[in-house]
Colleague: 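Can you keep this structure in mind? I'll have questions shortly.
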Amino acid sequence: MKAYSYRYPRTGAGITQLVECQLPKLKVAGSSPVTRSIFLFVMMLFIMSAGARASESYDTWAAASGSGRSLPSESAVLSGDVLVKSIENGNRIALVSLVRLLVSQGRMREAVAWFQGRGLDMPVTRRDLGIALSWYGRFRLYEVLGEEIDVPPDLEDDDYGKTLAAIVSMGWMACTEDGLFRPDLLVGPGELQLLSGIFFPRSCEWHRDWIGMKSLDSLFAEGIRAGVTR
């Protein structure tokens, strides 16, 4: 099965633009981990309850969204890919169904990340980050891409497989202990810290266990302004 990412297509650069990005908020004033945890727990229960009443077919979901658009009746079951694409296209009602789906699959970290992003900031996967690094570090990758590189088993059928393997070879990212790249895992603070001084400012810190597309772009932009990314 091919590895996939929700946001970047298999063809083309697939890199988000740096236009109109805001700097990431590293700390939330007046909040505490306990307060945030309680609030998140209550809201997750609400979402799961609402999700139980959410649509289970495209036609029902389209009607609930108020868009008036008819969706293919033969595709009756909502999938994660379709829900994410719907959110990207502005249909935020799909967020409830996506969070419910992730919870039902035991993917709580992703469910929490999507809930916290409210459908406005898309969580970044390891594949997303790798593709972004292949753009910002493209001049440094040329020489490595001309060499023999061992591609992780879960990237063998991925169009970006060799490129992502080259990024691992550069030390910008790392495989997991089992030798896999795990392209669909969300990016965490450890992976961002690994890029401090290489692509991001040396003072880069991230206190949330996931990062959104807008915040990632702003970190790259800050690195460019600071002369780190060239």
Side-chain angles (χ1 to χ4, degrees), residues 2-10 12-26 28 40 80-81 83-89 92 94-95 98-99 101-102 105 107-138 141 152 154-155 158-161 163-168 170-176 180-196 198-201 204-224 228-229:
K2 289 188 177 182
Y4 65 91
S5 177
Y6 292 138
R7 287 156 294 282
Y8 293 124
R10 292 310 188 111
I15 305 300
T16 52
Q17 300 300 312
L18 297 177
V19 181
E20 298 180 355
C21 290
Q22 299 296 321
L23 291 177
K25 297 180 180 179
L26 301 183
V28 180
L40 181 60
D81 287 340
L83 289 169
V84 169
K85 181 57 65 176
S86 298
I87 295 171
E88 289 178 338
N89 290 335
R92 292 179 60 199
L95 179 63
L98 177 61
V99 171
L101 176 63
L102 293 172
Q105 295 175 345
R107 298 159 65 182
M108 292 302 299
R109 185 186 177 210
E110 294 167 82
V112 169
W114 277 98
F115 168 71
Q116 290 177 334
R118 297 177 299 164
L120 298 174
D121 199 8
M122 311 297 175
V124 176
T125 66
R126 283 172 52 81
R127 187 174 187 271
D128 295 332
L129 176 60
I131 293 175
L133 291 173
S134 74
W135 171 256
Y136 289 104
R138 59 194 181 280
L141 279 179
D154 57 343
L155 292 180
D158 192 307
D159 293 344
Y160 279 96
T163 299
L164 296 175
I167 288 169
V168 172
M170 291 289 291
W172 298 342
M173 296 185 72
C175 288
T176 53
L180 300 178
F181 186 79
R182 305 289 183 184
D184 296 327
L185 292 182
L186 298 187
V187 172
E191 291 159 303
L192 298 176
Q193 189 60 37
L194 191 63
L195 299 171
S196 293
I198 303 176
F199 290 93
F200 306 152
C204 168
E205 292 184 7
W206 195 257
H207 302 293
R208 196 167 56 182
D209 67 352
W210 67 279
I211 188 170
M213 285 290 180
K214 295 178 181 178
S215 298
L216 180 64
D217 274 345
S218 69
L219 286 178
F220 277 116
E222 183 67 13
I224 291 174
V228 177
T229 304

Colleague: Are Phe220 and Tyr136 near enough that their ring centres are under 6.0 Å apart?
Modeller: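 Distance test on ring centres: under 6.0 Å, yes.
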Colleague: Leu194: which residues meet the side chain to side chain contact (heavy atoms under 4.5 Å, CB included) condition with it, sequence neighbours left out?
Modeller: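 Once residues adjacent in sequence are excluded, Leu194 has no partner under the side chain to side chain contact (heavy atoms under 4.5 Å, CB included) criterion.
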Colleague: Among residues at least two apart in sequence or on other chains, which ones pass ring-ring contact (aromatic ring centres under 6.0 Å, His included) with Phe181?
Modeller: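 Residues passing ring-ring contact (aromatic ring centres under 6.0 Å, His included) with Phe181: none at all.
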Colleague: Taking the side chain as every heavy atom from C-beta outward, state whether Val187 and Asp128 have any atom pair closer than 4.5 Å.
Modeller: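 Heavy-atom side-chain distance check fails, nothing below 4.5 Å.
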Colleague: Using a 4.5 Å cut-off on heavy atoms from C-beta on, say whether the side chain of Lys214 contacts that of Met122.
Modeller: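 Counting from C-beta outward, Met122 and Lys214 never come under 4.5 Å.
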Colleague: For Ile87 and Gly119, work out which heavy atoms get closest and say how close.
Modeller: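 Nearest pair, atom of Ile87 first, then Gly119: CG2-O, 3.5 Å.
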Colleague: Rounded to the nearest 0.5 Å, how far apart are CZ of Arg182 and SG of Cys175?
Modeller: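 Separation between the atoms: 10.0 Å.
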Colleague: So, for Val124 and Met213, which heavy atoms are closest and what is the spacing to 0.1 Å?
Modeller: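 Heavy atoms of Val124 and Met213 come nearest at CG2-N, 3.6 Å.
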Colleague: Report the residues that fulfil ring-ring contact (aromatic ring centres under 6.0 Å, His included) with Trp210, sequence neighbours left out, ordered by chain and then residue number.
Modeller: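 Checked Trp210 against ring-ring contact (aromatic ring centres under 6.0 Å, His included); zero matches.
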Colleague: Step by step, work out the side chain to side chain contact (heavy atoms under 4.5 Å, CB included) result for Asp121 and Ser215.
Modeller: CA-CA 8 Å; Asp121 199 8; Ser215 298; 3.9 Å; yes
Colleague: Let's go through Ile224 and Phe199 carefully: what are the C-alpha distance in whole Å and the side-chain angles of both, what is the deciding distance for side chain to side chain contact (heavy atoms under 4.5 Å, CB included) to 0.1 Å, and is it a yes or a no?
Modeller: CA-CA 8 Å; Ile224 291 174; Phe199 290 93; over 6 Å; no
Colleague: Rounded at 0.5 Å granularity, tell me how far CG in Leu95 sits from CZ in Arg118.
Modeller: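 Here the rounded value is 10.5 Å.
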Colleague: Side-chain contact test, heavy atoms from C-beta onward, threshold under 4.5 Å: evaluate it for Thr125 versus Leu185 and give yes or no.
Modeller: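 They are not in contact (no side-chain heavy atoms under 4.5 Å apart), so the answer is no.
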Colleague: Is there a side-chain contact between Asp184 and Arg126, using heavy atoms and a 4.5 Å cut-off?
Modeller: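 When only atoms from C-beta onward are counted, Arg126 and Asp184 do not touch, as no gap falls below 4.5 Å.
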Colleague: Is any side-chain heavy atom of Glu191 closer than 4.5 Å to one of Ile211?
Modeller: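 They are not in contact (no side-chain heavy atoms under 4.5 Å apart), so the answer is no.
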Colleague: In chain order, what residues pass the side chain to side chain contact (heavy atoms under 4.5 Å, CB included) check against Pro189, with sequence neighbours excluded?
Modeller: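 In terms of side chain to side chain contact (heavy atoms under 4.5 Å, CB included), with neighbours along the sequence ignored, Pro189 is linked to Trp206.
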Colleague: Side chains of Trp172 and Leu195: does their closest heavy-atom pair fall under 4.5 Å?
Modeller: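 Touching, per the 4.5 Å side-chain cut-off.
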Colleague: With sequence neighbours left out, write down each residue that passes side chain to side chain contact (heavy atoms under 4.5 Å, CB included) with Arg109, or none if nothing qualifies.
Modeller: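 If we apply the side chain to side chain contact (heavy atoms under 4.5 Å, CB included) test to Arg109, skipping adjacent residues, the hits are Leu186, Asp209.
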Colleague: So, for Ile167 and Ser134, which heavy atoms are closest and what is the spacing to 0.1 Å?
Modeller: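 That closest heavy-atom pairing would be CD1-N, 3.7 Å.
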Colleague: If you take all heavy atoms of Arg127 and Asp158, which pair is closest and at what distance?
Modeller: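 In this case the closest contact between Arg127 and Asp158 is NE-OD2, 2.8 Å.
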Colleague: In Å and rounded to the nearest 0.5 Å, what is the CG to CH2 distance from Leu83 to Trp114?
Modeller: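 One finds 9.5 Å between CG of Leu83 and CH2 of Trp114.
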Colleague: Between Phe200 and Glu222, is there a side-chain heavy-atom distance shorter than 4.5 Å?
Modeller: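 Not touching, per the 4.5 Å side-chain cut-off.
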Colleague: For Gln105, which residues count as a side chain to side chain contact (heavy atoms under 4.5 Å, CB included) partner, sequence neighbours excluded?
Modeller: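 With neighbours one apart ignored, the set is Leu101, Leu102, Arg107.
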Colleague: Might you point out which heavy atoms bring Leu192 and Leu216 nearest each other, and give the distance in Å?
Modeller: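 Leu192 and Leu216 have their closest heavy atoms at CD2-CD1, 4.4 Å.
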Colleague: Check whether any side-chain heavy atom of Pro152 lies under 4.5 Å from a side-chain heavy atom of Val168, and answer yes or no.
Modeller: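 The answer is no; the side chains never approach within 4.5 Å.
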